[in-house]
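Step one of this worksheet: look at the structure below.
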Protein chains: 2
Amino acid sequence: MTRFVLVAGTTKTARIDGISAAGADPDLVAHTPSADAELIEYGHLVRAPALPVSPTGCPTPATVTRAVRELVGFETLVVDAGLAEPTGAPTVGVGAKPGRDVREAEPVPTAPGAWVAARELGRTLPDDELVIGETIPGGTTTALGVCRALGVGEASGTARATGDGDGGAVDLPVSSSLPENPLDLKREVVADAFEASDLAPGDAAYRPELAVRFLGDPVLAVVAGLTAGALASGTAVVLGGGTQMLAAAALVRHAGVADPLTVATTTYVAGDVGVDVDASAAALDCDLVVTDPGFGGRDDPLARYAAGEAKEGAGMGGALHLADRDGVLGRVGDGTLEVLERVSGSYGP
Amino acid sequence: MTRFVLVAGTTKTARIDGISAAGADPDLVAHTPSADAELIEYGHLVRAPALPVSPTGCPTPATVTRAVRELVGFETLVVDAGLAEPTGAPTVGVGAKPGRDVREAEPVPTAPGAWVAARELGRTLPDDELVIGETIPGGTTTALGVCRALGVGEASGTARATGDGDGGAVDLPVSSSLPENPLDLKREVVADAFEASDLAPGDAAYRPELAVRFLGDPVLAVVAGLTAGALASGTAVVLGGGTQMLAAAALVRHAGVADPLTVATTTYVAGDVGVDVDASAAALDCDLVVTDPGFGGRDDPLARYAAGEAKEGAGMGGALHLADRDGVLGRVGDGTLEVLERVSGSYGP
């Protein structure tokens with residue numbers, strides 16, 4: 001049996017101006033993971049105040065994941081990896097607290113403990129396969145920080161040489177929920193994060209708990225722990241997502257886990273300018289599955305995905321992979337629109 | 001769509017010697033609700049240490065509810081109504097803490113807040129029907145306390161006269177998970193509880209939050225709140241259980257909620273000596289559904305149910321009602337045995 005696991009958390013890093021599109025206005029961003037969890041669990045909002053949409057009205061990818069769930073019928077589990085706002089979705093805890101701004105000295109003190117508790121949870125879940133998704137606004141920036149701390153995705157040999165964290169060739173495919181990826185800003189934030197910590201790029205190689213504790217966010221710690229535990233007990237794992245799931249895969253590999261691992265993402269991430277997902281997945285010895293949701297020809301809010309917004313999140317790539325495997329991929333677009341209409345009555349900006 | 005809601009919590013009242021059969025030894029009793037939640041959610045234990053069985057080896061009714069879930073496929077939600085031990089099942093919180101011993105002055109200070117939060121949750125859940133079950137060792141004793149505080153189930157006019165809580169004609173069908181119902185002990189505990197509080201029997205009539213705060217447990221508060229909220233938003237509610245669900249129904253009626261309400265229980269509760277479930281349900285203006293799981297002719301651990309153990313709990317009566325409605329009642333026994341074998345490898349005392 002397959003279970004879809006949503007790892008949901010927050011980091012104050014998302015409050016940095018211009019970092020994330022996961023919310024119509026900054027006050028709502030911290031509610032996005034709580035709302036995503038409700039959407040996937042219920043197809044409805046329960047305690048969250050609003051449907052998460054980007055500033056231009058692109059609906060959260062959780063609506064896509066929910067639509068797939070209604071078509072395929074998989075079981076779900078939401079893991080609280082540092083939620084900051086109430087959710088009506090049932091969650092299981094692993095001791096994670098919301099992450100602080102990654103530019104603080106120790107932004108994720110709960111990371112090592114949450115990793116261990118998540119690993120134990122992953123080990124004991126009875127399923128044959130976990131498809132793991134994430135929801136954490138600002139998460140691609142902390143993913144970049146983690147990969148640089150591990151020395152992953154840097155031009156070979158330059159990691160330590162570049163020292164202060166800017167100027168190195170960054171090969172990690174850092175995608176964005178925004179149409180214009182604020183990559184310079186992300187690099188600057190990561191450079192500041194290295195300055196605030198005692199780590200230099202590459203210092204956390206093979207010590208993944210340090211990378212996530214000083215440069216990361218609680219969601220990455222929990223995804224990596226769950227994955228390591230599940231693989232150790234013979235459960236297959238599909239990481240559903242782009243940049244952040246590649247960072248989670250890097251953490252898992254740096255924890256010494258060599259088992260087969262799949263990353264499933266959307267064509268929107270894979271097609272992102274300057275992003276070479278194939279090469280990154282291959283470098284981490286991960287199988288890559290890229291699924292096209294086919295939203296390109298639509299004249300409804302889903303067309304924004306084809307225009308380069310959102311791209312991924314809330315396990316969308318993993319859910320689409322399940323839809324494809326079940327032969328219902330062609331029905332996901334209309335299903336998502338149904339979810340949107342149900343949740344919002346009306347939709348669009 | 002129908003959702004099965006398990007309201008899971010604890011009360012120190014269960015530690016009174018001889019009160020509950022919900023655990024093979026006293027140290028495991030506090031784990032029972034956490035384990036029940038995992039069994040219904042996963043068909044497996046995750047964080048809980050052992051399959052809850054009675055001292056003589058009767059397996060928890062949560063295995064029956066899980067078996068029905070596998071046959072019928074309903075969605076589930078576990079509400080944390082004061083769990084005292086870790087669970088790997090995802091839960092939604094309503095601010096409830098474990099209940100203290102009902103013989104303390106204020107055993108459930110979180111009851112009024114949890115009631116309100118549960119009512120709001122019940123109001124916002126998107127389902128057409130909720131089937132609500134409970135798991136709280138010691139719960140029939142606090143159910144008796146709540147009903148006496150409300151003045152329900154007493155011989156008319158004697159509630160205040162009897163004062164100290166024993167000697168009054170108790171018409172509330174107080175069932176038990178033990179084959180020999182320790183009813184005298186329960187009455188004595190309730191009498192002590194009244195002495196410790198500022199309430200006399202009947203004093204909490206039409207003030208249900210007082211009854212549950214001073215004589216009850218957190219599960220009753222949450223079941224009543226969920227029910228009131230769901231009914232207010234047009235969601236049908238089936239209370240799956242015996243004594244405790246009649247107490248919850250009494251709380252709901254005393255909160256001024258007059259909507260149709262169904263109590264679904266097993267033949268084991270309905271057939272309990274000295275228990276008139278029909279009359280109690282009728283007095284509370286509830287429809288009563290009684291389902292026979294048909295465990296009578298078996299020569300496996302389920303035969304203990306037919307011998308008068310466990311009888312109810314973890315929504316068993318509600319789940320059996322769903323199984324009957326779906327035409328799969330005849331497969332519940334073998335399905336339960338499958339669950340038992342999966343969980344424990346071996347079973348029986």
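Side chains are part of it too, since the values below use all heavy atoms of this structure and drop only hydrogens, waters and symmetry mates. Below, chains carry the letters A, B, ... as their sequence lines are ordered, and counting in each starts from 1. What you see is a predicted model; the values in this text were computed from it and never measured.
- Listed options B:E120, B:E41, B:R123, B:R3 were ranked by heavy-atom pairs under 4.5 angstrom with chain A; first place goes to B:R3.
- Contact annotation for B:E75: only side-chain heavy atoms (C-beta onward) come within less than 4.5 Å of a heavy atom of chain A.
- For chain B, the nearby part of A:R47 is the side chain; its heavy atoms alone come within less than 4.5 Å.
- Closest approach of B:T87 and A:V92 over heavy atoms only: O-CG2, 3.9 Å.
- For the set B:P126, B:G43, B:P90, the entry with the most heavy-atom pairs within less than 4.5 Å of chain A is B:P90.
- Highest contact tally toward chain B, considering only A:T91, A:V94, A:D127, is held by A:T91 [criterion: heavy-atom pairs under 4.5 Å].
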